[in-house]
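One is the number of the first residue; the rest follow in order along the sequence.
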Amino acid sequence: MILTVIIIYLALVLSIGILSHKFFQKTGEDYFVASRNINWFVLLMTLFGTNMTAFSILGASGEAYHRGIGVFALMASSSAIIVPCVFFFIGTRLWRLGKRFGYMTQVQYFRDRWESSRLGLLLFTVLVLLLIPYLLIGVMGGGGTLATITEDTIPQWLGGLLVCAVVLCYVTYSGMRGTAWVNTFQTLVFMTLGGIAFAVIINRMGGFSEALSKVDTNLLMQANHIKPLELLTYTCIPLSVGMFPHIFSHCLTAKDVSTFRYPIIFYPICIAIVWIPSVLLGILGNVGFPSLEGPQVNNVLIQMIREYAPGILSGFLAAGVFAAIMSSLDSQSLSLGSMFTHDIIRPYLRKRGREQMSENQQVWFGRLFVICILCITYIISLIATPSIFKLAIWSFTGFSGLFPIVVAALFWKRSTKYGVLASIISVILLWLYFFLNNWKTPGYTVGGTGIMPVAVIILVSSLTLIFVSLLTKPPSTETVERFFIN
């Protein structure tokens, strides 16, 4: 019965994606940014749903299982403040530039802003490499969910393959409009079913007070598990939203700049609706399943659903988890297809003397790269076993380290391509240093001080960009006037 519910849900998702193809205008702009005609409600659902990955549903529960209530403070509370600010100060400006100059990717903008094709190529490479771990979260989360909820009737490798196949079908067929429609549906599903899951499980555990009375009190005290400096520097992680390729793509789909108003207002409320149940259920999982270790912790929420909400209800709640997973995987893979088309293929053809790509060629190049990237991600997922929460944090750390670049592009006329190149290189080197030496260390902070590596990377990245820019030749007056004078 559980498996039947999940299959019906996946078929429904696929149907919505295919249905949206009826409105496809057969242009590159429609395929990649839905003809820039998305309304405020769909924009809210897609921006929020795209950000709420398996990291927020499975990862947050798994981390809360070990570290307690403070996990909410680490990411959710800071995201509720910082992410809307990024949308307001960064997203709206990027939308105006995208509308004005016809941009479909952030690399296009950065390449023109600093007059450097090499910069664009380097940035494309870095963004793709950082996004692959983020894609892994969805594939691993989907496979793990199916394996746990069906008691390994469907093995993890088959579950991950099924998720990739469904996403691949509607993304390649319907593009951004299909992705946006499906994201809207899936966001509503996981927000609704998440609340139902919380209510049902709490009721089966004897009520909220009864359930909490069985929890180790250390898990309900933030200070015992999270250092103040760690809590403070974790606020740097949500800055990654400003450099996510998939968030940039969704920003470009807005009908007009006023479309951002309600997503900015309601985003914190959506955060609370999803994160509070996830964190609390992770803590309560310590009562029902006290001896989980390693990758098993990623599925504590699924185990809670299976234990306290059996039968058909378990299938519905598992579908809610699937909704959160796929609502990110589709946008991320489509954004990579867009970047490949507009940042690699088009510049290459231009060098070969072909100034234009046909609309049909743009769509097909995008589709082919989506297929390639999902296949690569799936293969990696078969051998990767790290914590979903830690995998996400390292991915976010790299994107956050690049955040000074978008700030300089939008607000500092004097910034130069050499400053940006040096900044990107500093992020690469520091990220590799911290990751290779410490990714296996639980709760790692710099020198044991509580300072997260992301804070150091952002500081060094910013100082490098400023210092090198001041020592090198500024962009041409023509370029500055183009981007800063209306």
Worksheet item: What distance do Thr259 atom OG1 and Ile264 atom CD1 have between them, rounded to the nearest 0.5 Å?
Response: 10.5 Å
Item to complete: State, with a plain yes or no, whether a side-chain heavy atom of Pro474 is found less than 4.5 Å away from one of Lys413.
Response: no
Worksheet item: Sub-3.5 Å donor-acceptor pair from the side chain of Ser333 to the main-chain atoms of Asp330, do we have one?
Response: yes
Worksheet item: Heavy-atom distance under 4.5 Å between the side chains of His246 and Leu131, does that happen here?
Response: yes
Fill in: Sidechain N-carboxylate O distance under 4.0 Å for Glu115, Lys417
no
Worksheet item: Is the shortest heavy-atom distance from the side chain of Leu374 to the side chain of Leu329 under 4.5 Å?
Response: yes
Fill in: Full working for side chain to side chain contact (heavy atoms under 4.5 Å, CB included) between Phe110 and Val406
CA-CA 8 Å; Phe110 292 135; Val406 71; 4.0 Å; yes
Item to complete: Return yes if some donor-acceptor pair links the side-chain N/O of Ser174 with the main-chain N/O of Gly17 below 3.5 Å, else return no.
Response: yes
Item to complete: Taking all heavy atoms of Gly398 and all of Leu130, pick out the closest pair and write down the distance.
Response: C-CD1, 3.6 Å
Worksheet item: How are the rings of Tyr134 and Phe396 set relative to one another: parallel (under 30°), tilted (30 to 60°) or perpendicular (over 60°)?
Response: perpendicular
Worksheet item: For Trp364, does the CH2 atom have more than 12 heavy-atom neighbours from other residues, nucleotides or ligands under 6.0 Å away?
Response: no
Worksheet item: Under 4.5 Å between any side-chain heavy atoms of Ser415 and Leu465, yes or no?
Response: yes
Worksheet item: Are Met176 and Leu252 close enough that some pair of their side-chain heavy atoms sits under 4.5 Å apart?
Response: no
Discussion item. Checking the side chain of Thr253 only, and the main-chain atoms of His250 only, is there a donor and an acceptor separated by less than 3.5 Å?
Written reply: yes
Discussion item. Could you check whether any side-chain N or O of Thr46 sits under 3.5 Å from a backbone N or O of Leu43, counting only pairs where one atom can act as donor and the other as acceptor?
Written reply: yes
Worksheet item: For Asp343 and Arg111, which heavy atoms make the closest approach, and how far apart are they?
Response: OD1-NH1, 3.7 Å
Worksheet item: Between Arg113 and Val420, is any pair of side-chain heavy atoms under 4.5 Å apart?
Response: no
Worksheet item: Does Tyr418 have any side chain to side chain donor-acceptor pair (under 3.5 Å) partners at least two apart in sequence or in another chain, and if so, which?
Response: none
Response to the item:
Correct closest heavy-atom pair for Val274 and Phe190 would be CG2-CE1, 3.6 Å
Discussion item. Is it the case that over 12 heavy atoms from other parts of the model lie below 6.0 angstrom from the CZ atom of Phe101?
Written reply: yes
Worksheet entry | Beyond-backbone contact of Val83 with Ser79, side-chain heavy atoms, under 4.5 angstrom | yes
Discussion item. Under a 3.5 Å distance rule, please check whether Ser400 uses its side chain to pair with a backbone N or O of Ser240 as donor and acceptor.
Written reply: yes
Worksheet entry | Inter-residue atom distance Ser278.OG - Ile273.CD1, 0.5 Å rounding | 12.0 Å
Practice prompt. Test Tyr9 against Gln186 for side chain to side chain contact (heavy atoms under 4.5 Å, CB included), laying out the working first.
Written response: CA-CA 10 Å; Tyr9 173 76; Gln186 293 190 135; 3.2 Å; yes
Practice prompt. Give the intermediate values and the outcome of side chain to side chain contact (heavy atoms under 4.5 Å, CB included) for residues Leu429 and Ile425.
Written response: CA-CA 6 Å; Leu429 295 177; Ile425 292 172; 3.9 Å; yes
Worksheet item: Would you say Ile132 and Ile373 make side-chain contact, with heavy atoms under 4.5 Å?
Response: yes
Discussion item. What verdict does the side chain to side chain contact (heavy atoms under 4.5 Å, CB included) test give for Leu127 and Met243, after you've listed the backbone C-alpha separation in whole Å, the side-chain angles of each residue and the deciding distance to 0.1 Å?
Written reply: CA-CA 9 Å; Leu127 292 175; Met243 282 298 294; 4.3 Å; yes
Worksheet item: How close do Ala254 and Trp95 get, heavy atom to heavy atom, and via which atoms?
Response: O-NE1, 2.9 Å
Worksheet item: Stepwise, does the ring-ring contact (aromatic ring centres under 6.0 Å, His included) test hold for Phe248 with Tyr103?
Response: CA-CA 10 Å; Phe248 182 93; Tyr103 293 138; 8.0 Å; no
Worksheet item: What's the spacing between Ile405 CD1 and Ile424 CD1 if we round to 0.5 Å?
Response: 4.0 Å
Worksheet item: Which atoms form the tightest heavy-atom contact between Trp157 and Leu382, and what is the distance?
Response: CB-CD2, 3.6 Å
Worksheet item: What is the distance from atom CZ of Phe369 to atom OG1 of Thr341, rounded to the nearest 0.5 Å?
Response: 9.0 Å
Worksheet, complete the sentence: All heavy atoms of Ser338 vs all of Met104, minimum pair found to be OG-O, 3.6 Å
Fill in: Backbone N/O of Gly120 and side chain of Trp114: donor-acceptor pair under 3.5 Å
no
Worksheet item: Does the side chain of Thr472 come under 3.5 Å of the side chain of Thr416 through a donor N or O and an acceptor N or O?
Response: yes
Item to complete: Might you confirm whether atom CZ of Phe467 has over 12 heavy atoms from other residues, nucleotides or ligands at distances under 6.0 Å?
Response: no
Worksheet entry | Straight-line distance of Leu19 CG to Tyr173 OH, nearest 0.5 Å | 10.0 Å
Fill in: Side chain Ser461, main chain Ile458, donor-acceptor under 3.5 Å
no
Discussion item. According to salt bridge (charged side-chain N to carboxylate O under 4.0 Å, His left out), does anything in residues 168-184 pair up with another residue at least two apart or in another chain? List the pairs.
Written reply: Asp30-Arg177
Worksheet item: With Tyr267, which of Tyr262, Trp40, Phe48 fulfils ring pair (Phe, Tyr, Trp, His ring centres under 6.0 Å)?
Response: Phe48
Item to complete: Please confirm whether the backbone N or O of Ser78 pairs with a side-chain atom of Thr235, one donor and one acceptor, at under 3.5 Å?
Response: no
Item to complete: To the nearest 0.5 angstrom, please state how far the OH atom of Tyr31 sits from the CG atom of Leu334.
Response: 5.5 Å
Discussion item. Here's a test for you: under ring pair (Phe, Tyr, Trp, His ring centres under 6.0 Å), which of Phe24, Tyr170, Phe41, Phe23 qualifies with Trp181?
Written reply: Phe23
